[in-house]
Amino acid sequence: MAKYPHAEIEKKWQDRWAHDGLMRCDLSRTDRKFYCLMMFPYPSGELHVGHGRNYIIGDSLARFKKMAGYEVLAPMGWDAFGLPAENAAIQRDIHPAQWTRDNIARMKQQFHHWGVVYDWDREVTSCEPDYYKWTQWLFIQLFKAGLAYRKAASVNWCPKDKTVLANEQVVDGACERCGTPIEERHLEQWFFKITAFADELLSDLGTLADWPERVVTMQRNWIDRSDGVEIDFEVKGTGRRVTCFTTRPDTLFGATFMVLSPFHPEVERLIAGSRREDEFRAAIARYQADRLSGKARIEPGKDGVFLDAYAVNPVSGESIPIYMAPYVLMEYGTGAIMAVPAHDERDFEFATRYELPVREVVRFGATPGVLPTSSYSGDGVLVNSGAFDGLGQHEAFAKIADDLERRGLGRRRVNYRLRDWLISRQRYWGAPIPMIHCPKCGVVAVPEADLPVLLPHDVDFRPRGDGKSPLATSDAFRAVTCPQCGGAAVRDTDTMDTFVDSSWYFLRYLSPKDSTAPFQKDLCDAWLPVDQYIGGVEHAILHLLYARFITHFLHSQGHLGFGEPFARLFTQGMIQKNGIKMSKSRGNVVPPDSIIGPMGADTMRLYILFLAPPERDSEWNDESVEGCYRFLNRVWRFYEARESVLAKPAGGPIDERALTAPERALFRKAHWAIDRVLGDVNDHFRFNTAISALMELMNVMAPFGDEDVQSGSAQRPELLRFAFDTLVRLLAPMTPHICEELWERTGHRGSVFASAMPAANPDYVKSEQFDLVIQVNSKIRARESVPADTDSEAMKAIALRHPRVIEELAGRDPKRVVVIQNKLVNVVI
RNA sequence: GCCGGAGUGGUGAAACUGGUAGACGCAGGGGACUCAAAAUCCCCCGGAGCCAAAACUCCGUGUCGGUUCGAGUCCGACCUCCGGCACCA
């Protein structure tokens with residue numbers, strides 16, 4: 001039998017949607033708004049079916065919401081700056097701008113062929129001056145607020161990409177992108193002070209009830225707040241002090257030694273001119289080498305050196321030896337710790353190795369003993385702690401902290417694992433940092449009226465490897481007059497991390513062409529937070545944290561009326577082939593055209609949605625795709641075989657009581673399908689079960705009307721039409737082309753997406769009969785078909801007079817009879 | 001190590017608040033149509049017991065226990081896989 005003409009149908013509707021602006025959004029309709037946002041892609045070229053999932057889920061959801069009466073905002077744009085464009089451009093000897101533009105055109109074409117429709121009037125492209133002008137504006141706002149600062153920092157340097165990487169972009173000591181082991185360099189870099197927002201970013205996670213739990217957890221662990229106390233220890237005989245951070249001031253009396261990071265400044269002071277200086281320096285060099293190799297966990301008990309020096313416990317006056325050891329990190333706290341081996345695992349390991357005293361200061365239960373875990377269990381009582389003996393741990397924390405603060409020897413402090421965000425990059429293809437270095441005035445922001453600072457086109461953009469940006473080679477770009485004093489000055493030649501570009505794009509969609517402001521507060525306040533954000537879980541930390549930070553910042557400055565940008569988040573799973581992620585380098589990608597060509601975009605969409613719950617990683621199976629194609633053909637043939645009935649309007653309401661039993665079953669199945677599909681999609685993105693419900697409806701519909709139509713005696717045309725219309729409308733968001741065509745052919749005016757979703761009548765959602773399960777002692781012994789909503793007494797009676805039950809009872813009385821409405825009766829003997 | 005998530009047929013997966021395990025597909029087997037094939041349509045399809053069929057019975061949701069009339073679902077312990085963090089004081 002002939003296949004339905006998908007190619008022709010799909011082209012027709014794709015062109016019509018584009019022409020009619022199907023997803024054009026009217027921003028003035030805010031009473032029922034739905035902002036449906038998909039993470040904008042990096043324009044890397046061809047998209048494969050794995051990428052497609054994100055956009056197909058989003059497009060289907062947007063269409064559902066449209067049919068549910070929402071004014072849907074579904075925009076799309078391009079995260080267009082970044083390294084791959086440069087690398088590809090270097091390889092192919094074309095300009096990154098050209099390469100990027102070509103890819104955008106290609107990907108737009110692909111969306112079009114998939115039937116994925118956006119409001120293209122709102123397209124944003126982060127590498128265009130009309131966009132990055134405002135990324136630069138954002139930088140200046142952060143600068144003015146004291147949240148963008150320069151610091152000479154030891155930074156992660158990728159020798160292959162020849163650029164600095166953020167901590168977040170270093171994975172296992174290697175570059176996230178190319179896998180090259182990173183090196184350490186000391187360079188002046190720009191940072192955004194995200195740590196200033198650490199606390200609100202952490203506590204507001206609690207308001208994100210509609211985010212996946214695991215994403216919230218990942219962010220919480222990433223920020224990781226710890227409350228503690230900084231304590232000053234005197235370095236004996238020097239008059240100098242070393243400050244330690246601890247979350248356990250209650251164990252202060254148990255500190256039997258101190259450990260400095262080998263990179264702590266005090267180490268240099270202690271070893272300079274010392275008798276064992278050479279030995280110390282050799283050790284430091286070794287630790288340095290280990291640190292750069294990155295990977296291995298450093299065993300606290302493995303390595304450390306006594307520095308021939310002592311510190312004085314500020315409370316007990318006790319002298320304790322000072323060690324340096326690589327298990328203490330310079331990057332966290334103060335780079336120095338007071339070691340309490342009795343109550344900290346790592347300190348315990350170290351003390352064991354170097355035979356240092358272990359003194360119990362918190363007792364759990366009655367028996368003395370050490371408990372070397374860093375967890376703060378809270379029910380211990382202090383011992384060996386002078387005046388603080390007998391206090392509970394929590395109380396001791398407070399008392400000791402108070403005591404230290406009063407005497408000026410310490411202060412309460414909160415530390416985060418989160419570090420400030422290093423945003424400068426020594427690369428060409430990014431937004432230039434809008435700053436000027438003046439010999440007289442120092443670092444000065446470019447006046448906002450002078451934005452954008454244009455990225456010069458004719459620069460040798462290959463990376464240089466000397467720690468400077470390619471922009472530094474352009475004298476024309478660098479030379480500038482200082483906006484403050486008018487003297488000669490130079491521009492900053494670094495560009496911004498692309499995560500800055502993507503940290504605010506969702507605001508720009510509302511006024512993408514506005515040349516006077518990055519976004520409009522009133523529009524943003526009306527349309528945000530985003531109602532549904534959809535993207536890959538790989539952005540769980542970086543992008544989502546940065547976007548939250550920037551939104552919180554803009555909120556704090558009064559530019560926005562809200563702090564959290566994304567009310568609901570959905571992270572879709574990866575599509576794999578042969579058990580691994582689809583990627584070009586692994587050669588296991590499925591090109592969309594290999595499906596669309598023979599079977600059409602609707603089949604591809606249907607398969608991707610039917611495959612599995614969308615949040616789950618799933619395996620692509622070529623054979624299963626055909627099952628979806630078969631289903632669409634069945635729908636098509638159902639129409640064709642009944643065209644004479646379906647093609648013309650069949651009016652009249654359906655009188656349920658006048659229907660025959662099988663007709664009533666179909667009528668109810670349609671109502672059931674409405675209920676299922678809308679519930680599955682709205683509540684949990686369960687497109688897979690929604691589709692299976694529609695397949696069930698089709699299975700019930702299939703026998704209806706065929707022969708009757710042939711013989712010209714079709715019964716109940718209104719029922720046939722009701723069932724078919726229902727199927728078409730429920731299926732339309734997922735397979736839009738075939739459904740638009742069928743909607744038109746069945747005599748409807750206007751797009752199916754301009755029509756309303758059908759509503760289920762609760763009276764008809766359940767089938768008339770159900771299988772009453774009769775159990776004896778919880779084992780199924782019989783089933784009987786009975787009318788829905790048979791009351792408990794009647795159900796019980798049916799069960800008790802069933803021959804099987806009578807047989808099992810053998811004259812005895814049941815001990816108990818459990819009745820579950822519309823389900824089962826369990827006779828317990 | 002810590003924090004999440006997941007383990008169900010040959011396979012992708014269903015199973016709403018504890019109540020018929022395996023819906024809906026795919027693959028496979030059988031049949032109809034056909035000269036034949038494709039396509040389509042119909043039937044079967046977790047395992048075991050029975051020569052076979054029907055009926056029936058038992059077992060079965062990673063493992064072992066528990067709660068309950070009843071557990072894939074709840075509780076406890078464990079195993080495996082995936083993801084995140086990993087010297088954070």
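Just so we're on the same page: letters track the sequence lines, and every chain starts at 1.
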What nucleotide among B/rC69, B/rC3, B/rA13 has an atom nearest to a side-chain atom of A/Thr217?
B/rC3
Pairing string of RNA chain B (Watson-Crick or G-U wobble, both atom distances under 3.5 Å; | = paired to other strand) is (((((((..(((......[....))).(((((.......))))).((((......))))..(((((..]....))))))))))))....
Can you list everything that forms a ring pair (Phe, Tyr, Trp, His ring centres under 6.0 Å) with [X]? Sequence neighbours excluded, please.
X	value
A/Trp672	none
A/Tyr607	A/Trp620
A/Tyr764	A/Phe667, A/His671
A/Phe610	none

May I ask you to list the residues of residues 603-611 of chain A, by number, that have any heavy atom positioned under 4.0 Å from an atom of RNA chain B?
A/Phe610, A/Leu611
What residues form a side-chain hydrogen bond (donor to acceptor under 3.5 Å, both in side chains) with [X], not counting sequence neighbours?
X	result
A/Glu266	A/Arg240, A/Arg269
A/Arg417	none
A/Asp675	none

Polar atoms only, N or O, under 3.5 Å: list the protein pairs with nucleotides 16-18 of chain B and their distances.
unit_1: B/rC16; atom_1: N4; unit_2: A/Lys823; atom_2: NZ; d: 2.9

Check residues 820-829 of chain A and write down every donor-acceptor pair under 3.5 Å in which the side-chain atom is one partner and the other belongs to a residue at least two apart or another chain.
unit_1: A/Gln821; atom_1: NE2; unit_2: A/Thr790; atom_2: O; d: 2.8
unit_1: A/Asn822; atom_1: OD1; unit_2: A/Asp789; atom_2: N; d: 2.9
unit_1: A/Asn822; atom_1: ND2; unit_2: A/Asp789; atom_2: OD1; d: 3.1
unit_1: A/Asn826; atom_1: OD1; unit_2: A/Ser778; atom_2: N; d: 2.9
unit_1: A/Asn826; atom_1: ND2; unit_2: A/Ser778; atom_2: OG; d: 3.2

Would you tabulate the pairs of protein nitrogen or oxygen atoms and nucleotide nitrogen or oxygen atoms of nucleotides 27-29 of chain B closer than 3.5 angstrom?
none

